[in-house]
> 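Sharing a structure here in structure tokens format.
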Amino acid sequence: MHADEVFFRDTANGFLAWAVASVVGAALLASVATSVISAGANMTAGAAASIGQNTSQTANRSGGGVGDPTGYFVDSLFRSERPGAATSAPDVRTETTRILLTGVGNDGIAPADKAYLAQLVTAHTGLAPADAVKRVDDVIARAKTAEMAVRKAADSARKAGAYLSIFTGLSMLIGAFIACAAAALGGQHRDN
């Protein structure tokens, strides 16, 4: 055989060995990841089932379910200064949730909506109108802060994913090159 053909076959053999090893490694990694995710999902489902149906029914009747991201902010708006006071109606809480979600997701809450929320807080908690306005402003500021924290975490995760993709691609490319070079070197040792 011609020396160039032998070199090409050895290099191709190294590349194929690298490709098979990469596929087997990816399959093993996917299997382990599936097992871990499945175990985590089973544990989460068991924990969620143990919480009990009464708790979730009570939370849903009050207008903010356990998974409601604005539930805490709505609760803090309608928190009464008198312990044991009646909670606000579910319709009011649902409306407040929609106003908060719309305002926080956009450029902010309109002044008319802020005034309306302050009136609701005054009516349901017994606070003075000035204190109700301050409470509404504080809750809106906290909601904006929470939104910014979520956006920052999502941005960090996106950047980490991009870096992981780049470094994985580079390491795969370097691995393929080393496998080809090692196979060619092994072919030379075989022939000598």
> For a quick test of reading the model, state the closest non-hydrogen atom pair linking T122 to L127 and the distance between them.
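Smallest interatomic distance, heavy atoms only, reads CG2-O, 3.2 Å.
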> Is a donor on one side and an acceptor on the other found under 3.5 Å between the side chain of S171 and the backbone of T168?
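Flag set: sc S171 to bb T168 pair under 3.5 Å.
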> Any chain of hydrophobic side-chain contacts (each under 4.5 Å) joining Y116 to V121?
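They do share one cluster, since a chain of ILVMFWY contacts under 4.5 Å joins Y116 to V121.
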> Do the side chains of Q188 and D10 get nearer than 4.5 Å, heavy atoms only?
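Answer no - side chains too far apart.
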> Is it the case that atom CZ in R190 sees more than 12 heavy atoms from other parts of the structure closer than 6.0 Å?
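More than 12 within 6.0 Å, yes.
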> Could you walk me through whether R158 and D155 satisfy the salt bridge (Lys or Arg N to Asp or Glu O under 4.0 Å) test, starting with their C-alpha distance in whole Å, then the side-chain angles of each, then the deciding distance to 0.1 Å, before giving a yes or no?
CA-CA 5 Å; R158 181 189 58 79; D155 191 44; 2.7 Å; yes
> Would a 4.5 Å heavy-atom cut-off, applied to side chains only, mark D137 and K114 as touching?
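The answer is yes, as the side chains (C-beta and beyond) meet within the 4.5 Å cut-off.
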> Pairs in or reaching into residues 16-39: which pass ring pair (Phe, Tyr, Trp, His ring centres under 6.0 Å), with residues at least two apart or in two chains?
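For residues 16-39, and leaving out neighbouring residues, the ring pair (Phe, Tyr, Trp, His ring centres under 6.0 Å) pairs sorted by first residue read F15-W18.
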> Measure across A179 and G14 and return the closest heavy-atom pair with its distance rounded to 0.1 Å.
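Closest approach of A179 to G14, heavy atoms only: CB-O, 3.5 Å.
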> Measure from the side-chain N and O atoms of S38 to the backbone N and O of T34, and report whether any donor-acceptor pair falls under 3.5 Å.
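Side chain of S38 to backbone of T34, a donor-acceptor pair under 3.5 Å: no, none is there.
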> Identify the heavy atoms of A132 and A118 that sit nearest to each other, and give their distance.
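Looks like CB-O, 3.4 Å.
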> What distance separates R9 CZ from H2 NE2, expressed to the nearest 0.5 Å?
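Rounded to the nearest 0.5 Å, the CZ-NE2 separation comes out at 13.0 Å.
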> Can you tell me how far the CG atom of L120 sits from the OG1 atom of T125, to the nearest 0.5 Å?
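Answer rounded to 0.5 Å: 10.0 Å.
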> Rounded to the nearest 0.5 Å, what separates atom CG in L117 from atom OG1 in T96?
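Going from CG on L117 over to OG1 on T96, the span is 5.5 Å.
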> Taking the basic N atoms (NZ, or NE/NH1/NH2) and the acidic carboxylate oxygens, is any pair closer than 4.0 Å for K134 and D138?
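Here K134 pairs with D138 in a salt bridge, since their nearest N and O are under 4.0 Å apart.
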> With rounding to the nearest 0.5 Å, note down the distance linking OG in S165 to CG in L170.
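With rounding to 0.5 Å, OG (S165) is 11.0 Å from CG (L170).
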> Within the side chain of S156, is there an N or O that forms a donor-acceptor pair under 3.5 Å with the backbone of K152?
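The answer is yes, because a donor-acceptor pair under 3.5 Å joins these two groups.
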> Quick one: CZ on F7 to CG on D191, what's the gap to the nearest 0.5 Å?
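Between F7 CZ and D191 CG, I get 12.0 Å after rounding to 0.5 Å.
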